[in-house]
Amino acid sequence: MRVYNTLTGKKEEFISINPGKVGMYVCGITAYDVCHLGHARSAIVFDVMKRYMRYSGFEVRHVRNITDIDDKIIKRAAQEGVSTVDIAKKYTEEYYRDMDRLGVSRADVEPKATEHIPEMIEIIKGLIESGYAYSVHGDVYFRVSRFSDYGKLSRRSLDDMMAGARVEVDEKKENPLDFALWKASKPGEPWWDSPWGKGRPGWHIECTAMSMKYMKYMGESFDIHGGGADLIFPHHENEIAQSEAFTGRPFVRYWLHNGFITVDKEKMSKSLGNFFTIKEILDKYDPEVVRYFLLSTHYRSPIEFSDAQLSESEVSIDRYYSTVLRVNDFLNEPSAISHQPSAIKVVEEFEKQISSLKEKFMDAMDDDFNTALALGHIFELIREANKFLDAKPRGQKAGELVAKSKEVLTELGNILNIFNRTPHEWYISLMKVKNVGFTEGDILNEITKRHGARQKKDWALADKIRNELEEKGIILEDKKDTTKWKIKVG
RNA sequence: GGCGGCGUACCCAAGUGGUUAAGGGAGAGGUCUGCAAAACCUUUAUCCAGCGGUUCGAAUCCGCUCGCCGCCUCCA
């Protein structure tokens, strides 16, 4: 397996510290507002990495933190006239609701900052003792000039950063680039006791404390640290500085960062206000569509968000379920396997396609989690399966192959956590999302009515019924001796 | 100002030194069908922003130009 490591700027062979085991820490959210699509991308991408590594045989320990105390939470609490605890609780719940709907699995440990204050204080004390940090009027800052590797992740030097015009000068800091490990609390703000007085932790220290605590079994380094690319600087840079200054050892082996979602080519972000919340997107699209959309581009590339793109993803998934529908029909047709077997050549060709898919899929995923390519391979088999079914295959072997193809597609889909419903569940779900004014019973009634008309060769009435349903977003497809319904996509 | 990334068909998107440049959508033609839909087949980039260079050979490496974006401040 090869992964792109932000630290080295290269794709590298992935070698875990402990053979067969992977420790992965991913920065979660700050619970101060509802999540937007950008949060979904990060969560989904790292969820898929975890699923794939487990599928490949790794034992993965996944830690994802929740920041439940910070400036933005304090601000929000003040605005709403409630406590920071209430704000954090409310938005943590919202976050879990969104993630559950999107099919993002829980991490093995989901630590909260406020539950690890003593651990943070210990690290800060150690950093002060070794001269890497200093306290001023109840604040504690990290002394970046003391850490010679500062800037190695984001590839910039202290001089470069000083040259940047946007460094705020703070009287209390020795160097404007020094960052807070501990902040003295202002009146009315939440606080914890510390050797430097009442205060609260800075943002970066929680990840150092919690990753060390929950990755401890690995030693003082762990394998993967992930998050959005916007965390590279300063957050992850600062984590490296604190952690490596404290332990004197490398903090993390592989730094993985996902790219942004853009709107009109610009980064989707809170500050630009061009964001779409997960909730509002899920009002219009099935969660599987959102997942597919986010996995149809490589995780490090930007993805342009648009309704057109989501609709295309919807069409792609529909192609999958339409094929499964055909596969199921075939498997339920007993005459198919009892007949004389089909030509050996056709059968062998399909067998080859099925057996090569898994390998191609894994090759793609092994190459820095190339989900876009992996999905491309899946659709190659979809085409082959349809082609095989078009050839009206017969015989027991043909039946086994069709069943096998479905099995493989389901197995690989599970890694991405898509393609794991029945076609019927897919269409029922679309019915809700698209506000089709019909129940399934209504549709079946119409189909029965139309069936009568068709038997009488009353094509005018049959077409009228079909057209009326289509206007409601319901598609009828006539099969050999039955009629299937679907929900119109795209 | 410093650092970094991107530019592949009508649209989205893989591919980063070597047979026919994945896959999906859209378009055109065909097969199938009562007609459709779905599916399948054929077709749509002699070419990968432009120019130059390295090489037997480049979309893929190097240089320059143009365009777009990101980070340097909170941010997934």
Side-chain angles (χ1 to χ4, degrees), chain A residues 6 9 11 26-30 32 35-46 70-72 75 151 154-157 159-168 177 203 226-235 237 257-262 265-272 275 292-293 296-298 300-304 306 308-309 311-319 322-323 325-326 360 364 367 370-391 454 457-460 462-463 466-467 470 475-480 483-484 486 488 490:
Chain A
T6 307
K11 257 190 221 173
V26 183
C27 288
I29 56 144
T30 298
Y32 80 106
C35 292
H36 65 244
L37 196 60
H39 298 99
R41 183 178 197 190
S42 182
I44 287 171
V45 153
F46 286 99
D70 119 300
D71 291 350
K72 292 190 293 289
K75 194 176 155 199
S154 53
R155 278 193 201 75
R156 57 194 100 196
S157 67
D159 291 343
D160 290 342
M161 287 184 262
M162 289 306 290
R166 289 190 283 181
V167 178
E168 238 177 87
L177 294 167
W203 175 32
D230 42 7
L231 297 181
I232 295 170
F233 191 90
H235 185 52
E237 193 71 70
H257 294 96
N258 63 275
F260 303 126
I261 292 178
T262 58
K265 299 246 178 175
E266 277 188 319
K267 177 186 169 187
M268 181 184 287
S269 75
K270 271 280 160 58
S271 41
L272 285 170
F275 61 90
Y292 182 94
F293 165 67
S296 62
T297 299
H298 186 89
R300 283 189 283 115
S301 303
I303 299 186
E304 173 73 12
S306 70
Q309 297 278 35
S311 292
E312 273 203 21
S313 296
E314 189 176 82
V315 170
S316 294
I317 293 175
D318 192 62
R319 177 166 162 77
S322 293
T323 305
L325 210 53
R326 290 190 71 191
K360 287 197 275 187
D367 186 12
N370 194 338
T371 52
L373 182 57
L375 285 168
H377 293 320
I378 282 183
F379 279 94
E380 283 172 44
L381 186 66
I382 296 281
R383 190 185 58 231
E384 294 302 327
N386 275 310
K387 199 197 285 193
F388 188 66
L389 291 173
D390 275 359
R454 291 187 75 213
K457 294 200 190 297
D458 184 352
W459 306 127
D463 290 351
R466 187 171 62 196
N467 291 338
E470 187 174 356
I475 301 288
L476 296 189
E477 290 181 9
D478 296 326
K479 302 291 173 182
K480 204 154 99 195
T483 297
K484 296 276 180 190
K486 289 181 176 181
K488 196 173 177 178

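Convention: sequence-line order gives letters A, B, ...; per-chain numbering from 1. Being a predicted model, the structure only gives us computed values, none of them experimental.
Among rA22(B), rA39(B), rA76(B), the nucleotide with an atom closest to any side-chain atom of Asp230(A) is rA76(B). Taking every side-chain heavy atom of Glu380(A) into account, rA22(B) is the closest of rA76(B), rA22(B), rG24(B). Here the side chain of Met161(A) is nearest to one of rC72(B), rG34(B), rC68(B), namely rC72(B). Taking only side-chain atoms of Glu266(A), from C-beta outward, the nucleotide of rC12(B), rC72(B), rG70(B) with the closest atom is rG70(B). The side chain of Asp160(A) approaches rG2(B) more closely than any other nucleotide in the set rC72(B), rG2(B), rA14(B). Taking the side chain of Arg41(A) as heavy atoms from C-beta on, and the options rA76(B), rG25(B), rA37(B), the nearest nucleotide is rA76(B). Listed nucleotides: rC40(B), rA14(B), rG25(B). Nearest to the side chain of Val315(A): rG25(B).
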Mind running salt bridge (Lys or Arg N to Asp or Glu O under 4.0 Å) on Arg326(A) and Asp390(A) for me, showing each step along the way? CA-CA 10 Å; Arg326(A) 290 190 71 191; Asp390(A) 275 359; 2.7 Å; yes
As a quick check of understanding, evaluate side chain to side chain donor-acceptor pair (under 3.5 Å) for Lys486(A) and Ser322(A), giving each step before the final call. CA-CA 9 Å; Lys486(A) 289 181 176 181; Ser322(A) 293; 2.8 Å; yes
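More than 12 heavy atoms of other residues, nucleotides or ligands shown are found within 6.0 angstrom of NZ on Lys479(A).
Contact annotation: Asn386(A) reaches the phosphate of rC40(B) (side-chain N/O to OP1 or OP2, under 4.0 Å). Within the 4.0 Å cut-off from OP1 or OP2 of rC41(B), at least one side-chain nitrogen or oxygen of Lys387(A) is found. Taking 4.0 angstrom as the limit, Arg383(A) places none of its side-chain polar atoms (N or O) nearer than this to OP1 or OP2 of rA39(B). For the pair Lys267(A) and rC71(B), the criterion of a side-chain N or O lying under 4.0 Å from OP1 or OP2 is met. Between rA39(B) and Arg319(A), a contact under 4.0 Å exists linking OP1 or OP2 to a side-chain N or O. In this model, the phosphate group of rG4(B) is not approached by any side-chain N or O of Arg156(A) to a distance below 4.0 Å at OP1 or OP2.
Within the 4.0 angstrom heavy-atom criterion, only backbone atoms of the sugar-phosphate kind lie near Ile475(A); the bases stay farther away. Counting non-hydrogen atoms under 4.0 angstrom, Gly376(A) reaches a base of the nucleic acid. When heavy atoms are screened at a 4.0 angstrom cut-off, Gln309(A) is found touching the sugar-phosphate backbone but no base atom. Residue contacts shown for Ile261(A) include a base, since a base heavy atom lies under 4.0 Å away. When heavy atoms are screened at a 4.0 angstrom cut-off, Lys484(A) is found touching no nucleic acid atom at all. Nucleic acid contact for Asp478(A): base, since at least one base atom lies under 4.0 Å from a heavy atom of the residue. Within 4.0 Å (heavy atoms only), Arg326(A) reaches sugar-phosphate atoms of the nucleic acid but no base atom. If you check every strand for non-hydrogen atoms under 4.0 Å, Leu389(A) touches nothing. Note on Gly9(A): nothing from the nucleic acid sits closer than 4.0 angstrom, heavy atoms only. Within the 4.0 angstrom heavy-atom criterion, no nucleotide atom of any strand lies near His377(A).
Under the stacking definition used here (centres under 5.5 Å, planes under 30°), the residue Trp459(A) qualifies as stacked on the base of rG34(B).
For the side chain to side chain contact (heavy atoms under 4.5 Å, CB included) with Asn258(A), the qualifying choice from Arg300(A), His298(A), Arg41(A) is Arg41(A), the only one to do so.
Using the Watson-Crick or G-U wobble rule with both distances under 3.5 Å, rA38(B) pairs with nothing in any strand shown. With a cut-off of 3.5 Å on both pairing distances, the Watson-Crick or G-U wobble partner of rC6(B) is rG67(B). Checking rU60(B) for Watson-Crick or G-U wobble geometry (two distances, each under 3.5 Å) identifies no partner in any strand.
Where Asp367(A) and Ser322(A) each meet RNA chain B at their nearest nucleotide, the meeting point lying more 5' is that of Asp367(A).
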